[in-house]
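Atom set for the values below is all heavy atoms of this structure, side chains included, hydrogens, waters and symmetry mates excluded. A note on names: the letters A, B, ... follow the listed sequences, proteins ahead of strands, and every chain is numbered from 1.
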Amino acid sequence: MTYSQAVLNGDRLALARLLTQVENNAPDGRIALIELFPHTGRAHLIGVTGAPGTGKSSLVNQLALYYRKVENKRVAIVAVDPSSPFTGGAVLGDRVRMRDLSGDPHVFIRSMATRGSLGGLAQATANMVQVFDAAGFDIIIIETVGAGQSEVDVARLAHTTLVVEAPGLGDDIQAIKAGILEIADILVINKADRPGVENTEKALKSMLDLAHPTERVFRHHGSIMRTVAPTQDSSSRLMWIQPIQKTVSIESKGIVELAESIGRHVSHLRQSGDWAVRERTRLEVELEALIREALLNRFHEDVSQKEYDEALEKVVQRNISPWEAVKMLLNGRSK
Amino acid sequence: MTDKKTSPEQSRRIRVLVAKPGLDGHDRGAKVVARALRDAGMEVIYTGLRQTPEMIAEAALQEDVDVVGLSILSGAHMALTPRVLELLKANGQTHVKVFIGGIIPDEDLQRLKEMGVAGVFGPGASTEDIIRDVQTAVAG
Ligand code: B12
Ligand SMILES: Nc1nc2c(ncn2[C@@H]2O[C@H](COP(=O)(O)OP(=O)(O)O)[C@@H](O)[C@H]2O)c(=O)[nH]1
Ligand SMILES: [Mg+2]
């Protein structure tokens, strides 16, 4: 039986092995992704990002428990932690906070290292998410450390992105990273049992106020969108204003409210048509990445190392410009 | 420029699960070993304290690891180890190599090896030896 058949049949070992193949961008993984693609597009993808130690893994644990117990949904978790830039190794410790989920056959947790590849992380994560989607998981939660462009890309994979803050990590506006409002659909203040929650909330609120002037221009998955300031009656339907939710993960407080907020976001996406827009944009980004990869690979097949090195040398010597070099190398192509 | 393909097939990294089965709270050794294996370029999934054999086998499956490392300083290794081996086998993970560390009396070494344990390391074991044996076991 092929990987994809076994995965569609619910074989967990095959699923685990396929995730490895896909993560490694191995030929078996690529074949399975093609076969599984028609079975994707059903899951709700939830991104969870934020600084280390804010309680993301603990929160993911609680959310997954909620979806299992209250909504009886199948939950997959992809937990991403950084690789060491020096050795390429990693210690992936998110499972420590997710022990409540063990023993449940409808939960699948996979840890993943960033492996420091430019752009490769987002691609590998997207592909692993597709495997889980095809395998029939209703909810796929992606936990990433909120730092750097690739993590932003991972967050953008999701339909709903939670940005997690915690009191005491420096509560002024400057400390809360600029740009989080671009990716956050819901702001979570975890560790709400700790002193300083009010300050964190105040800082987030003033950030939100600044972000909602009369006309809002925002980057929506790479494209600039404009919305007119909401009037009282139409606002709740067409515009999503990021809510702030307070949680205490270790005491499972605020989790129901957070899950309800996520539910409202899903309804909003569906009603506004934004769900379809996000799906389309996600697939477009993926398609473009694949085209870029294929074209570059074709280029390197057609142009010999020698030609390339010679062109590079000419550029280094300032004999020709990089633009001319590109022209020369591309003209040398057979196709 | 050595590899210009934009998205080359990643060479498979060795993935190791480091777990502490049973009830003892001695986790220094497990953490030392986890860090050493990371520094040798491996991806180490650390699951923390008080894991049952069932939890360990389940995590090993989901993470598709090559190696399971158990750290046991409680004296319960002769009960916990065979159970983990059994469950790994039942899940179809027969290729997974199992290593044990902690307080393991010499008289148990032979029986652990017979059960199929790939290596045993006690107090003072050098991390270089551990890394080398793990790499050899996975390669072989
Ligand atoms: C430090 C220590 C503690 C600390 C632990 C702190 C912590 N968070 O880890 C504290 C004070 C909490 C503690 C408490 C107890 N301890 Co204590 N403790 C020790 C001590 C002195 C050192 C252990 C240690 O950290 N070594 C340093 C690390 C780096 O070494 P290591 O764990 O052995 O790991 C090395 C190897 O074993 C191997 N290794 C370990 N794990 C793994 C995993 C893999 C995959 C691999 C490949 C290799 C590997 O590689 C490591 C590097 O060399 C030992 C005695 C000793 N000399 O070992 C007793 C010892 C382990 N403790 C013992 C006991 C009895 C207890 C208590 C029950 C005492 C009591 N009555 O309260 C409690 C139990 C606590 C609990 N909840 O379980 C006994 C165990 C007896 C037994 N098994 O037969 C020992 C052996 C002392 C003795 N001689 O009696 N302890
Ligand atoms: N006081 C308090 N501690 C928490 C809360 N949530 C998580 N923690 C603790 O914060 C630490 C980091 O949690 P973790 O989930 O690993 O954070 P992550 O690095 O963001 O994934 C752990 O010690 C948790 O027990 C909370 O709501 N309140
Ligand atoms: Mg985490």
> What part of A:Arg99 is in contact with chain B, defined as an atom under 4.5 angstrom from a non-hydrogen atom: side chain, backbone, both or neither?
Replying inline: both
> What part of A:Asp11 is in contact with chain B, defined as an atom under 4.5 angstrom from a non-hydrogen atom: side chain, backbone, both or neither?
Replying inline: neither
Could you check whether any side-chain heavy atom of [X] comes within less than 4.5 Å of a side-chain heavy atom of [Y], counting everything from C-beta outward?
X	Y	result
B:Tyr46	A:Val96	yes
A:Arg95	B:Gln51	no
A:Leu13	B:Leu61	yes

> Heavy-atom distance under 4.5 Å to chain A: side chain of B:Gln62, backbone, both or neither?
Replying inline: both
>> Taking side chain as everything from C-beta outward and backbone as N, CA, C, O, which of these in B:Arg50 sits under 4.5 Å from a heavy atom of chain A? Side chain, backbone, both or neither.
In response: both
>> Under a 4.5 Å cutoff for heavy-atom pairs, which residue among B:Ile14, B:Leu37, B:Thr52, B:Asp39 has the most contacts with chain A?
In response: B:Asp39
>> Below 4.5 Å, heavy-atom pairs only: which of B:Gly41, B:Gly92, B:Gly48 has the largest tally toward chain A?
In response: B:Gly41
In Å and rounded to the nearest 0.5 Å, what is the [atom1] to [atom2] distance from [X] to [Y]?
X	Y	atom1	atom2	value
A:Thr20	B:Arg13	OG1	CZ	14.0 Å
A:Arg97	B:Thr47	CZ	OG1	12.0 Å
B:Leu17	A:Ser111	CG	OG	9.0 Å
B:Glu58	A:Ser102	CD	OG	5.5 Å

>> Go through it in stages, so that I can follow the logic: the residues are B:Glu43 and A:Met112, the test is side chain to side chain contact (heavy atoms under 4.5 Å, CB included), and I'd like the CA-CA distance, side-chain angles, deciding distance and then a yes or no.
In response: CA-CA 9 Å; B:Glu43 290 180 353; A:Met112 186 182 173; over 6 Å; no
With respect to chain B, which residue among [options] yields the maximal number of heavy-atom pairs within a distance under 4.5 Å?
options	value
A:Gly29, A:Ala16, A:Gly103	A:Ala16
A:Asp94, A:Leu19, A:Ile109	A:Ile109
A:Arg17, A:Gln21, A:Arg12, A:Met98	A:Arg17

> Donor-acceptor pair, A:Thr87 side chain versus B:Arg38 backbone, under 3.5 Å?
Replying inline: yes
>> A quick test of your reading: do over 12 heavy atoms of other residues, nucleotides or ligands sit less than 6.0 Å from CZ of B:Arg111?
In response: no
